[in-house]
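Have a look at the structure below, then the notes.
In listed order, ligands and their atoms are each counted from 1. Values below: all heavy atoms of this structure, side chains included; hydrogens, waters and symmetry mates excluded.
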Amino acid sequence: MKKDLLTLRDVTRDELENIFEVAAKLKRERGNSDYRPLAGKSIGLIFAKSSTRTRVSFEVGVGELGGRPLYLDQSKMQMGRGETVADTANVLSRYLHGIVIRTFAHSDVEELARVATIPVINALTDEFHPCQIIADMLTIKEYSGKLDKSIRVAFYGDGRSNIANSLVLAAKLTGFELVISSPEEVGYSKELAEDAPNIVWEKDPIKAADGVSYFYTDGWVSMGFETEREERMRIFRPYQINDKVYAAARPDAKFLHCLPAHRGEEVSASVMDNPQRSIVFDEAENRLHVHKALMSLLMG
Ligand code: CP
Ligand code: NVA
């Protein structure tokens, strides 16, 4: 039976470990391997939103696994002119061997996966970004050698962004400590955390820094929320990750960001550009290895 990746709820702890193992192997052997699980296969990459990392790493990844990537701009597809998601899923299932999709409504990706007879990977919706968070967890494992309750991650800013939501599911899955530091009126998606005492909310950004091994933030204006820019700049302003926050943290705390970053908004240049702190490019590189692992396991 085909398997999809729509959120981290689709992954068990054992499956996650397997993804890490495959990704680590593909990383070690990159450029020196004849592993071609996608040979003869075509993978559709549907994007309704902008992308640098996700698009390029999936396109390169499909090629490296021996397959053919098809970049599909959703606004240029008939789906962009009102063809239903279900009809699109039926048609694409006759041509392709897998679909990677970045769009707005998470329910559209659920519908696509429900109807398609081929695997679907969520490459970001308004609600979730599972591929990103799997790569982030691999990065933490590489730096700390483990991913368990001894690791404390603090997410600052939009506690309801697709990144924050996916981090909540990741903490639930693996047991790492997660502190969400966001304004009172935003909070976080508590319903996703159900019975997870390792996930806490701390309004005070200085208190939230206590004992943190990994700081994480995301842009304050996610794609699709541009009309709220002014209000978001105002409410998230106290949640910038900067020297003041670092002064309250362990000196060896690392900085993660899904990117793109906005220096002077969610992160100061002194954090983002400090190689003792920032591991964002190792994190971005891991997107490639994780996407290759996901495609080889689900579509290979
Ligand atoms: N982090 C991330 O998904 O980046 P892109 O929007 O550039 O794909
Ligand atoms: N929350 C951000 C993530 C970008 C990778 C957005 O949705 O725009």
Side-chain angles (χ1 to χ4, degrees), residues 5-8 23 43 45-62 69 71-75 99-109 121-140 153 155-170 180-183 186 188-189 192 214-229 231-233 235-236 239-241 255-263 265-267 272 278-292 294-295:
L5 174 65
L6 306 192
T7 75
L8 284 163
I43 309 298
L45 311 173
I46 303 176
F47 281 78
K49 292 178 173 176
S50 303
S51 175
T52 297
R53 284 144 285 271
T54 310
R55 176 188 174 171
V56 175
S57 57
F58 268 109
E59 256 189 85
V60 168
V62 173
Y71 175 76
L72 302 163
D73 175 344
Q74 190 177 307
S75 68
I99 299 173
V100 174
I101 179 165
R102 166 171 289 196
T103 194
F104 293 85
H106 189 73
S107 55
D108 282 350
V109 176
I121 294 178
N122 173 10
L124 180 148
T125 61
D126 289 346
E127 281 179 72
F128 297 103
H129 197 3
C131 298
Q132 174 72 52
I133 303 301
I134 295 174
D136 302 338
M137 289 192 286
L138 175 64
T139 311
I140 291 175
V153 178
F155 178 88
Y156 281 52
D158 183 358
R160 288 181 187 271
S161 75
N162 40 24
I163 295 293
N165 288 344
S166 298
L167 270 177
V168 166
L169 293 181
I180 308 240
S181 194
S182 63
V186 174
Y188 74 105
S189 303
L192 296 174
Y214 293 89
F215 286 104
Y216 197 142
T217 189
D218 180 10
W220 290 337
V221 187
S222 283
M223 292 180 280
F225 295 83
E226 289 78 5
T227 56
E228 300 172 10
R229 182 172 173 86
E231 169 71 355
R232 286 170 167 266
M233 287 296 135
I235 63 169
F236 294 129
Y239 295 90
Q240 182 186 80
I241 299 183
F255 174 69
L256 294 163
H257 193 311
C258 54
L259 306 180
H262 310 84
R263 291 166 180 80
E265 293 182 15
E266 75 275 8
V267 61
M272 175 69 191
S278 179
I279 56 172
V280 300
F281 299 119
D282 289 336
E283 178 187 9
E285 181 192 327
N286 280 338
R287 300 291 305 281
L288 170 67
H289 310 302
V290 162
H291 297 167
K292 286 172 71 181
L294 291 172
M295 290 188 291

Looking only at distances, please establish whether an N/O atom of ligand 2 is found under 3.5 Å from an N/O atom of [X].
X	answer
Lys49	no
Asn162	yes
Ser222	yes

Mind checking whether Lys49 contacts ligand 1 via backbone (N, CA, C, O), side chain (CB onward), both or neither, at a 4.0 Å heavy-atom cut-off?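 For Lys49, there is no contact with ligand 1 at all, from either part.
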With backbone taken as N, CA, C and O and side chain as the heavy atoms from C-beta onward, which portion of Leu124 lies under 4.0 Å from ligand 1: side chain, backbone, both, or neither?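 Neither part.
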What's the spacing between Arg102 CZ and Met223 CE if we round to 0.5 Å? 4.5 Å
Can you tell me how far the OH atom of Tyr71 sits from the CG atom of Leu45, to the nearest 0.5 Å?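 Reported value, rounded in 0.5 Å steps: 9.0 Å.
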Sole candidate of His291, Arg287, Lys292 that passes side chain to side chain donor-acceptor pair (under 3.5 Å) when paired with Ser57: His291
How far apart are the C-alpha atoms of Ser51 and Phe58, what are their side-chain angles, what is the distance that settles it, and do they pass the side chain to side chain contact (heavy atoms under 4.5 Å, CB included) test? CA-CA 11 Å; Ser51 175; Phe58 268 109; over 6 Å; no
Does an N or O anywhere in Pro260 fall below 3.5 Å from an N or O of ligand 1?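 No - when backbone and side-chain N and O of Pro260 are compared with those of ligand 1, no distance drops under 3.5 Å.
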Taking Ile180 as the fixed residue, which of Leu167, Val168, Asp158 is the one that meets the side-chain contact (heavy atoms from CB on, under 4.5 Å) rule? Val168
Between Phe215 and Tyr156, what is the ring plane arrangement, given parallel below 30°, perpendicular above 60°, and tilted in between? perpendicular
Among all protein heavy atoms, pick the one closest to [atom] and tell me residue, atom and distance.
atom	answer
atom 6 (O) of ligand 1	Arg102 NH1, 2.8 Å
atom 2 (C) of ligand 1	Arg287 NH1, 3.3 Å
atom 5 (C) of ligand 2	Leu259 O, 3.6 Å
atom 7 (O) of ligand 1	Thr52 N, 2.7 Å
atom 4 (O) of ligand 1	Arg53 NE, 2.8 Å
atom 3 (C) of ligand 2	Asp218 OD1, 3.7 Å
atom 8 (O) of ligand 2	Met223 N, 2.8 Å

Could you establish whether Thr54 and ligand 2 come within less than 4.0 Å of each other, counting only heavy atoms on the residue side? no
Give the contacting part of Leu124 toward ligand 2: side chain, backbone, both or neither, where contact means a heavy-atom distance below 4.0 Å.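 Looking at Leu124 and ligand 2, just side chain atoms fall under 4.0 Å.
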State whether Arg232 and Glu266 are salt-bridged, where the test is any N-O pair (Lys NZ or Arg NE/NH1/NH2 against Asp/Glu carboxylate O) under 4.0 Å. no
Is the closest side-chain donor-acceptor distance between [X] and [Y] under 3.5 Å?
X	Y	answer
His257	Thr217	no
Ser166	Gln132	no
Asn286	Thr139	yes

What atoms of ligand 1 come within less than 4.0 Å of a heavy atom belonging to Leu259? 1 (N), 2 (C), 4 (O)
I'd like to know if His129 contacts ligand 1, where contact means a heavy-atom distance under 4.0 Å to any ligand atom.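 Checking ligand 1 against His129, which is what was asked, there is a heavy-atom contact under 4.0 Å.
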If we ignore hydrogens and angles and just use 3.5 Å, is the side chain of Ser222 paired with the main-chain N or O of Phe225 as donor and acceptor? no
